[in-house]
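This report concerns only the one structure given below.
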Amino acid sequence: MSRRRSITRNLVWAGTALGSLALALAAGGAEAQAIGAAPADGQATAAPAGQPAHEDGLSEIVVTASRREESAKDVPVAVAVIAGEKLDVLNSSGLDVRFLAARVPSLQVESSFGRTFPRFYIRGLGNTDFDPNAAQPVSVVYDDVALESPMLKSFPVFDLQSVQVLRGPQGTLFGRNTPAGVVKLDSVRPSETPSAYASLSVATYNTVNAEAAAGGPIGGGFSYRVSTLLQRRDDWVRNSSTSPLASPGLEGYLDYAGRVQIAYSGGDFNALANVHGRELEGSPRIFRAGLSQRGSNRFTLGFDKDVAALDGITDQSLTQWGANLHLDYHLAGLGTLYSITAYERATVNSVGDIDGGDRYPFSGGTIGQLNVGLFPSNTGGRTKPREFSQEVRFATDDLGGVRLQAGGYYFRQRLNYDEYAFSDSTVSTQDIRHRNRNENYGIFASAEYKPVNDLTVRGGVRYSHDKRRDLVEGFSPGLTPGLRLPVTTRVTGDNVSWDASATYALTDAVNVYGRFATGYLGPAIQDRVTFGSLPTTAAKQTTISGEGGIKAQLSRVFRFDLTGYWNRTKDLQLTAVGGATNSARLLNADKAIGYGVEAEIEARPMPNLTFTASGSYNFTEIRDGDIAVAPCGSGLCTVRDPLNAAGLAVIDGNDLPQAPRWIANATARYAIPLANGDQLFAYGDVAYRGKINYFLYEAAEFRGRASTELGLKIGYKTADNLELSVFGRNLLNQIRSISAIDFNNLTGMINEPRIIGGMIRFTY
């Protein structure tokens, strides 16, 4: 075990011990208190984790979509919040961040790497590319730190105050890589009020999800919070391959994470230090050859989710740690100066059988040995992202109806990754080394003005400059003919993003708003050099969006948001992957358009019943009559698009990939009060995701069927916050193909199976 892994594991166990000690001290009869503190900059508030909403009705939701704390009703941005008991229930069975998919309007999350590489899509905009240097148009901001690498974005969800999803371009205050929106995760922060919780669940496949956190005052203005997580699952898929390289079981994992925060508050000065780490051992996603019947998106006859046949090495590990420092100082009568300094790093080793196995039956028979032939038994590599960022921002107080913000931002990434290939051996036959450098700096300003009491107008602007350099060196027997290494590729670009909005209060309870905004994705490099691929580049991608909506909270029993939007993305960055040679190249499509409607409802018609529902309709379309991509090789897929003279699929008019038109979800909680303040409760949830297209071209086999996932939690809770419950996730055990690999053997991946378990939780 490396020293860094030992540090991560020790952090977890130390935090668990501290959490247990705090709970033991609290058990002596102290009055139960809510987890967490008064929100600091960058947090949203709702009911504490594991708690129902306010006893007398719906509690107010405070968000920071504008980098200030405001009621969600007053913010001219489509923003959804998952917090409190809802967050706790949805994340109850050892899941990773992908559990957020379809849980708010217009949000999709998927991965072809498993727990280490989530890809986010908002209103259809995302990036299906699986290369480590692929930029995504959805930014993940964890504790006010924007994470670039998808592997860093996979940090687990635990002891959170809230998850906020900001839909639409956020290019002014949150910067680049936000033309689709932002997923914002905020940890519970240290507080002067002692608090703690611990929970343990055990479920199907020996799934364990254990969390503990403790916090409180230290003295002298200092306070702390320590949070820990342990997740594990047995290998639940049997590997039927007889290859000596094959792992007997697949899909298991052991995932540790921990976070330590120390805060100081003294007069006008506040500081918060955050150190966190993670260690994961498991297996990557199972690629299942011949998953679909030819000419259909139904599973192959004889498909068994519990069995696969992978004849190569299958292994994955991740070690991650980071630290950030938040400082703020209030200047009396002027405003507050903020500074956020952050450093994140990870090392990921992942090797998998990418051709999906050695044999799989198709409908009507078999096609014998299905190894593609172009690929070794397995491939993989080691990836090391290193990211540093610094933001300085000044936010004024209310200056006679005017509030201003201005600041600067700097980001630097060092991304090194090696590509290995193995052919019936544990000795790699190639080592292609990528050395990426990525820098961004920006300056931004925004203003807010109330010309009259009921009207608020806002506007902002940001200038950003990007610079990327990629060096590829090493050796490979599959190197593209005529290409000699090393090769260096560079791109630079800049952009001015802006937004303008207005909010008008029809009544104290109902607001209407309108907003126009732009965002951009910096110029990109695709650096694959095998199987016919050459390094390619794409120009920056820009998005302009207009939206309007109504937000209302009627007394404390009913809240709703309704939004309509339209957007246009020019020079859409696309990665064309596949064809007979599995080549890859970057493209800029002329444009893509999107429009849709989003709605959210929360109601508490009686003290013991709370109901939420939300949904979205998103239409997306690629518009470029000259763009065409290679479909799957060997003619095994049924392409629906017209082919040009070169045999390429013309994708003009297609939906964007991983962009379901319909998303809907709902939750309901009902409690039966008992004597002495105890209660029995039931919490149910359902999420629906419509059909999706996996790739840029359309094929019958690569059109994902609609999916519905149902969850239920039933429990008993005492007045002093001891909870015993049973739960189920994906209760219908509905198994769907959720993504695919564009080879010539119809290789795909499936969702998580049904999980049933029990949980004990105590909150102080």
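Nothing fancy with the numbering, it's 1 onward along the sequence. What you see is a predicted model, and the numbers here were worked out from it, not measured in a lab.
Without hydrogens or angle criteria, Asp655 side chain to Ala659 main chain gives no donor-acceptor distance under 3.5 Å. Listed for the Arg736 side chain is a donor-acceptor partner under 3.5 Å among the backbone atoms of Ala706. At distances below 3.5 Å, not a single donor-acceptor pair connects side-chain atoms of Asn206 with backbone N or O atoms of Asp234. For Asn751 (side chain) and Gln734 (main-chain N/O), a donor-acceptor pair under 3.5 Å exists by modelled atom type. Not one N or O on the side chain of Lys551 forms a donor-acceptor pair closer than 3.5 Å with the backbone of Leu562. With hydrogens and angles ignored, the 3.5 Å screen pairs no side-chain donor or acceptor of Thr543 with any backbone N or O of Pro179.
Ser112 and Ser739 are not linked by any side-chain donor-acceptor pair at a separation below 3.5 angstrom, with hydrogens and angles left out of the test. When only modelled atom types and interatomic distance are considered, Ser139 and Gln170 share no side-chain donor-acceptor pair under 3.5 Å. A donor atom on one side chain and an acceptor atom on the other are found under 3.5 Å apart for Gln316 and Ser350. Side-chain contact, Thr575 with Asp129: a donor N or O sits under 3.5 Å from an acceptor N or O. The closest side-chain donor-acceptor pair between Gln136 and Tyr121, if any, does not fall under 3.5 angstrom. Between the side chains of Asn654 and Asn693, no donor-acceptor pair of N or O atoms lies under 3.5 Å. Asn209 and Gln231 share a donor-acceptor pair across their side chains, judged by distance under 3.5 Å alone. For Thr610 and Tyr670, the side-chain atoms include no donor-acceptor pair closer than 3.5 Å. For the residue pair Gln658 and Gln108, a side-chain donor N or O sits within less than 3.5 Å of a side-chain acceptor on the partner.
The pair Asp561-Arg559 fails the salt-bridge criterion, with no side-chain N (NZ, NE, NH1 or NH2) lying under 4.0 Å from an Asp/Glu carboxylate O. A salt bridge links Arg233 to Glu752: one of the charged nitrogens lies within less than 4.0 Å of a carboxylate oxygen. Taking 4.0 Å as the cut-off between side-chain N and carboxylate O, Lys86 and Asp88 do not count as a salt-bridged pair. Ion pairing between Arg623 and Asp652 fails under the 4.0 Å rule for side-chain N and carboxylate O. Using a cut-off of 4.0 Å between Lys/Arg side-chain N and Asp/Glu carboxylate O, Glu547 and Arg123 are scored as salt-bridged.
Judged by the 6.0 Å and 45° rule, Arg278 forms no cation-pi pair with Tyr256. Cation-pi geometry between Arg167 and Tyr565 is not satisfied (NZ or CZ under 6.0 Å from the ring centre, within 45° of the ring normal). Taking the ring centre of Phe681 as origin, the terminal cationic atom of Arg669 falls inside the region bounded by 6.0 Å and 45° from the ring axis.
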With side-chain hydrogen bond (donor to acceptor under 3.5 Å, both in side chains) as the criterion, how do Asn665 and Asp685 come out once you've worked through the C-alpha distance, each side chain's angles and the decisive distance to 0.1 Å?
CA-CA 7 Å; Asn665 60 78; Asp685 65 272; over 6 Å; no
Apply side-chain hydrogen bond (donor to acceptor under 3.5 Å, both in side chains) to Ser725 and Tyr683, showing your working.
CA-CA 10 Å; Ser725 60; Tyr683 194 112; over 6 Å; no
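If you run side-chain contact (heavy atoms from CB on, under 4.5 Å) between Val138 and each of Leu107, Asn177, Ile122, only Ile122 comes through.
When every heavy atom of Ser106 is checked against every heavy atom of Glu598, the shortest pair comes out as OG-OE2, 2.6 Å. Between Ser296 and Ser292, the closest heavy-atom pair is O-CB, 3.7 Å. Taking both residues in full, the closest heavy atoms of Ala589 and Ile622 are given as CB-CG2, 4.3 Å, listed atom of the first, atom of the second, then distance.
Aromatic ring pairs are classed by plane angle as parallel below 30°, tilted from 30° to 60° and perpendicular above 60°; the pair Tyr697 and Phe702 is perpendicular.
Taking the six-membered ring where the residue is Trp, the centroids of Tyr205 and Trp236 are separated by under 6.0 Å.
Partners of Tyr688 according to the ring pair (Phe, Tyr, Trp, His ring centres under 6.0 Å) rule, which considers only residues two or more places apart in sequence or in another chain, do not exist here. For Tyr142, the ring pair (Phe, Tyr, Trp, His ring centres under 6.0 Å) partners at least two apart in sequence or on another chain are Phe155.
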